[in-house]
Amino acid sequence: WFTRLPLPPLAEGFVQHLAAVTATHFPSHRIVASEIQHAFEELGHSPKFIRDYLNLRILNPTFDHAAALQQSVSEAAQESGYEDQFSRLNPLQKTILVTLVSGQRELFSEAVLASIGQVLTGEPIGKPLMQRAVRSLADKGWIIKQARGDYLLTDGLFVQWMLEQIRTGVLRPPLE
C-alpha cells in the first residue's frame with residue numbers, strides 16, 4: 001500500500017507542461033515558463049509547492065512572480081516540518097546551522113569556535129567536538145562540504161525557514 005518507489009526527478013518537460021496548461025486555461029494571466037521554472041527550483045522541485053505557487057498566481061492575478069514566489073517559499077518552509085526536524089538536533093548542531101545560515105562558512109576558525117562556545121557553555125568549543133558535530137550534520141544530509149573548512153546547507157527551503165526564524169528573533173546567530 002505504501003511502497004516507496006524511487007522516481008526520477010521532474011525536469012524541464014514537467015515545467016513546460018505546467019506552462020502550457022496554464023496558458024491554455026488562463027490565457028489572460030501572464031505566467032511564463034521561465035517564472036514557473038524559477039519557482040520550481042526555488043521550491044525544491046516539489047510538485048505540490050509549484051501547484052500552490054501557480055494557484056496563488058492564478059487566484060490573485062495582481063501578484064507578480066516575485067511576490068507569489070516569496071509567499072510560496074514561506075508557506076512551503078512552514079509546511080515542510082523544519083521546526084520539528086530542527087528541534088531534534090542537539091544544541092551544538094543547531095548552533096552550527098544557525099551560524100552557517102548567518103553567512104559564516106569557516107566553522108573551525110578561532111572566532112567561530114569561541115562564539116559558539118560562548119553561546120553554549122561559556123568556553124570555546126574544541127575542534128574535535130566541532131568536527132564530530134559537523135560530520136554528524138553531513139551524514140544526516142543537512143550540510144555539504146564546499147572546500148576545506150567551508151560548509152553549505154543543502155536545502156534551500158530550510159535556509160528560508162531559518163532566515164525567517166532569525167529575522168523574527170526566534171533564533172540568534174552566535175556571531176553578531
Side-chain angles (χ1 to χ4, degrees), residues 9 35-57 60 62-176:
E35 292 173 341
I36 297 171
Q37 179 67 44
H38 179 245
F40 191 53
E41 290 167 4
E42 291 294 312
L43 293 166
H45 296 92
S46 166
K48 185 229 184 288
F49 295 149
I50 194 65
R51 184 197 69 202
D52 293 346
Y53 162 83
L54 286 171
N55 283 340
L56 189 60
R57 293 280 313 266
N60 302 292
T62 58
F63 270 36
D64 67 357
H65 169 68
L69 182 58
Q70 181 179 5
Q71 185 169 334
S72 296
V73 166
S74 177
E75 290 172 5
Q78 288 175 350
E79 290 180 33
S80 294
Y82 294 127
E83 186 172 0
D84 181 53
Q85 294 172 30
F86 187 75
S87 70
R88 294 177 187 196
L89 297 172
N90 69 43
L92 178 55
Q93 291 170 327
K94 290 176 187 177
T95 306
I96 289 169
L97 293 176
V98 172
T99 301
L100 287 172
V101 167
S102 301
Q104 181 57 252
R105 298 274 184 259
E106 297 180 24
L107 294 177
F108 299 99
S109 71
E110 287 184 30
V112 171
L113 294 172
S115 66
I116 288 177
Q118 189 65 34
V119 169
L120 297 174
T121 64
E123 299 291 324
I125 295 294
K127 283 187 182 181
L129 181 59
M130 178 66 96
Q131 288 170 329
R132 282 194 303 274
V134 167
R135 191 174 312 114
S136 174
L137 288 169
D139 290 346
K140 293 176 184 175
W142 288 91
I143 61 175
I144 57 173
K145 187 175 186 177
Q146 294 272 123
R148 186 172 187 258
D150 183 18
Y151 296 86
L152 183 67
L153 277 83
T154 59
D155 186 333
L157 288 177
F158 177 66
V159 170
Q160 293 296 326
W161 177 82
M162 288 197 66
L163 289 171
E164 181 65 18
Q165 302 309 301
I166 291 169
R167 187 188 66 74
T168 59
V170 173
L171 297 174
R172 282 194 45 228
L175 293 171
E176 290 188 303

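Just so it is clear, the structure is predicted and the values come from calculations on it, not from any experiment. For the single chain, residues carry numbers from 1 onward in sequence order.
Applying the side chain to side chain donor-acceptor pair (under 3.5 Å) rule to E35 yields the partners R57; only residues at least two apart in sequence or on another chain are considered. With sequence neighbours left out, the side chain to side chain contact (heavy atoms under 4.5 Å, CB included) criterion links I166 to V98, V101, S102, L171, P173. Applying the side chain to side chain donor-acceptor pair (under 3.5 Å) rule to Q71 yields the partners E75; only residues at least two apart in sequence or on another chain are considered. In terms of the side chain to side chain contact (heavy atoms under 4.5 Å, CB included) criterion, Q70 has no residue partners (sequence neighbours excluded).
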Would you be so kind as to tabulate the donor-acceptor pairs closer than 3.5 Å made by side chains of residues 41-51, with sequence neighbours excluded?
residue: E41; atom: OE2; partner: Q37; partner atom: NE2; Å: 2.8
residue: S46; atom: OG; partner: K48; partner atom: N; Å: 3.4
residue: S46; atom: OG; partner: F49; partner atom: N; Å: 3.2
residue: K48; atom: NZ; partner: D52; partner atom: OD2; Å: 2.6
residue: K48; atom: NZ; partner: E79; partner atom: OE1; Å: 3.0

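Put simply, the side chain of Q78 reaches to within 4.5 Å of the side chain of S74, judged on heavy atoms. When side chains are defined from C-beta on, T99 counts as touching V112, because their heavy atoms get closer than 4.5 Å.
Between the CD1 atom of I96 and the CD1 atom of I143 there is a distance of 7.0 Å, given to the nearest 0.5 Å. Atoms OG1 and CD1, on T95 and I125 in that order, are 8.0 Å from each other to the nearest 0.5 Å. A distance of 5.0 Å separates CD1 of I36 from CG of L54, quoted to the nearest 0.5 Å. Of the inter-residue distances, the one linking M130 atom CE with I116 atom CD1 reads 3.5 Å to the nearest 0.5 angstrom. Going from atom CG of L97 over to atom CG of L137 covers 5.0 Å, rounded to the nearest 0.5 Å.
Pairs engaging residues 84-114 under the ring pair (Phe, Tyr, Trp, His ring centres under 6.0 Å) rule: F86-W161 [sequence neighbours left out]. Residues in residues 111-152 take part in these ring pair (Phe, Tyr, Trp, His ring centres under 6.0 Å) pairs, two or more places apart or across chains: W142-F158. For residues 84-94, every residue pair satisfying the salt bridge (Lys or Arg N to Asp or Glu O under 4.0 Å) rule, not counting sequence neighbours, is listed here: D84-R88. The salt bridge (Lys or Arg N to Asp or Glu O under 4.0 Å) analysis of residues 153-168, with sequence neighbours excluded, yields the pairs E164-R167. For residues 109-129, no pair satisfies salt bridge (Lys or Arg N to Asp or Glu O under 4.0 Å), with sequence neighbours left out. A side-chain hydrogen bond (donor to acceptor under 3.5 Å, both in side chains) check over residues 132-141, counting only residues at least two apart or in different chains, returns the pairs Q93-S136.
Heavy atoms only, all atoms of each residue included: A67 and F63 are closest at C-CD2, 4.3 Å. Across all non-hydrogen atoms, the minimal contact from A68 to L56 is O-CD2, 3.6 Å.
In terms of modelled atom types and a separation under 3.5 Å, the side chain of N60 and the main chain of T62 share no donor-acceptor contact.
For Y53 and H38, the ring centers sit 6.0 Å or farther from each other.
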